[in-house]
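Positions are given from 1, in the same order as the sequence printed here.
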Amino acid sequence: MSGVGIGQRPQNGRQRAMKFLWTGIWLAYLSAPVTDLLHGGHSAGVRLLGWIGLAAFVAWYFVLIFRTGRGETNRLVLGSLAVLAAQSTVLALTLGREWLVLFVYVSVASGAALPLRLARLTIPACSALLTAVALSVPGGEAYLASLLLPALLGGFSMAGVRELIHTTRELREARATVAQLAANEERLRLARDLHDLLGHSLSLITLKSELAGRMLPDRPEEAARQVADIEQVSRQALVDVREAVTGYRRPRLATELAGARDALTAAGITAELPDAVPDLTDVPDDTESALAWALREAVTNVVRHSGAHRCSVDLVRRQTLDGPALELTVDDDGKGVGGIQADGAGGSPGTGLTGLTERLEKVGGTLDAGPAGHGFRLVARAPAAPVTPDIGSGA
């Protein structure tokens, strides 16, 4: 926008011109002092001093209005308003009641230049000074009725506009902050998805490449099948990455179970997996997706870090006090710490398990992972029915 509001500093020449024109419109109410100087019957010396005083008042008023928003202290602004009030008092007492209108400008400048907590004090103070001077000037009572209300309303109106602009600026900053947080959340989601996708796929490609290398001298046909599998996995990984980037990927448990069997077998680990998944007809997509990610991450950790010879996967549907739930258990006979240290160091949860915890918490689930006996166990639970918020009875 090219315009600039009350309480804002003009940023360019066009905004300065717009603010000057907008502020200059209200100088039309100085017609009473100007008429008094032209036709008030004052001597030449008094008229000269009157013109100088009026020009000084207008100049100081414009300086105060245009410097609003440059970070001046309230003390400096209060001093400037005191100068304007003193000029108005001197001019009204010496030149007559027509000059009482200057107090309206002082009140408006108070509302435009000061925060509301100070303006609520200075505006009534300016109005009180206007009243005192009007009662001291011959015929001032007749002008008081027509100037006191504009002084109060004009000042508080400008204070309201200033607060509105300040609130609008804060809302814009808050909106920008929310947009930044949303972008950060999306980057975290993408990083988590890519970690889960590529960690699994690249591990499988590495294992199959090593297996094909060992088979190549003596069993070229089996090596060729492994190479074909590598091509298929890499193509699927590319598709998964594209779907993850667009935010449409929803892994399925049946697909992940088949992939887990393939990955464990390729790593030389005995796989004990269920032949079929439970009925998932009424299970929310987000729940199935979170458990599928958990299965993929768990199997990837077993293949890459556990040194296990056996891995069992169990997926059952249980009835709990909170309703039906799906429970995924991945148990291996490896070193017992490989799962935790998959991505972290010193026994702290790594990126994979942290991401799984976040995914499950979003669907109302939980994740338990740690050493168990002579291996490592991961248990992921998620509600098998849509989670509905509790509705209080109210009072």
Side-chain angles (χ1 to χ4, degrees), residues 4-10 19-37 50 53-70 72-137 139-167:
V4 62
I6 298 294
Q8 288 183 299
R9 177 184 175 183
K19 187 165 186 176
F20 179 82
L21 290 175
W22 174 252
T23 307
I25 292 174
W26 303 105
L27 294 181
Y29 289 98
L30 293 178
S31 58
V34 172
T35 302
D36 180 65
L37 289 176
L54 182 61
F57 178 90
V58 172
W60 198 263
Y61 174 79
F62 270 100
V63 168
L64 179 60
I65 293 298
F66 271 80
R67 291 192 65 84
T68 297
R70 295 197 179 193
E72 287 84 355
T73 63
N74 292 330
R75 183 176 300 179
L76 181 59
V77 175
L78 287 171
S80 300
L81 290 172
V83 171
L84 286 176
Q87 289 177 326
S88 302
T89 301
V90 171
L91 290 171
L93 290 176
T94 56
L95 295 177
R97 60 184 186 178
E98 289 81 4
W99 296 79
L100 292 172
V101 72
L102 298 183
F103 287 99
V104 177
Y105 289 88
V106 180
S107 180
V108 170
S110 298
L114 287 174
L116 184 59
R117 60 184 178 85
L118 293 177
R120 67 178 60 177
L121 301 177
T122 58
I123 294 172
C126 179
S127 300
L129 181 59
L130 166 62
T131 302
V133 175
L135 295 176
S136 303
V137 174
E141 298 87 346
Y143 276 52
L144 181 60
S146 60
L147 294 178
L148 185 58
L149 188 60
L152 288 170
L153 292 182
F156 281 114
S157 296
M158 288 301 102
V161 171
R162 188 179 191 275
E163 288 300 309
L164 178 61
I165 292 173
H166 180 70
T167 302

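- Residues satisfying the ring pair (Phe, Tyr, Trp, His ring centres under 6.0 Å) test with Y105, not counting sequence neighbours, are Y61.
- Between the OG atom in S157 and the CZ atom in R162 there is a gap of 15.0 Å [rounded to 0.5 Å].
- Here the closest non-hydrogen pair linking L91 and L102 is CD1-CD1, 3.6 Å.
- At a threshold of 4.5 Å between non-hydrogen side-chain atoms, the residues V83 and W60 count as touching.
- Here the closest heavy-atom approach between residue V106 and residue S88 is recorded as CG2-OG, 3.6 Å.
- The minimum heavy-atom distance linking I123 with S107 is given by the pair CG2-OG, 3.4 Å.
- Contact between R120 and F156 at its shortest, heavy atoms only, is CA-CE2, 3.9 Å.
- T167 contributes a side-chain N or O that, together with a main-chain N or O of E163, makes up a donor-acceptor pair within less than 3.5 Å.
- Side-chain contact check for L144 versus L100: every heavy-atom pair is 4.5 Å or farther apart.
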Side chain to side chain contact (heavy atoms under 4.5 Å, CB included) evaluation trace for L93 with W99
CA-CA 8 Å; L93 290 176; W99 296 79; over 6 Å; no

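- Put simply, the side chain of V77 does not reach to within 4.5 Å of the side chain of L118, judged on heavy atoms.
- Taking both residues in full, the closest heavy atoms of A119 and A159 are given as CB-CB, 4.2 Å, listed atom of the first, atom of the second, then distance.
- Going from atom CG of L116 over to atom CE of M158 covers 13.5 Å, rounded to the nearest 0.5 Å.
- One distance of note links OG of S127 with CG of L152; it measures 3.5 Å at 0.5 Å rounding.
- Put simply, CG on L81 and CG on L64 are 5.0 Å apart, with the number rounded to the nearest 0.5 Å.
- L54 approaches L37 most closely through the heavy-atom pair CD2-CD1, 4.4 Å.
- Within the 4.5 Å cutoff, no side-chain heavy atoms of L148 are placed close to those of F103.
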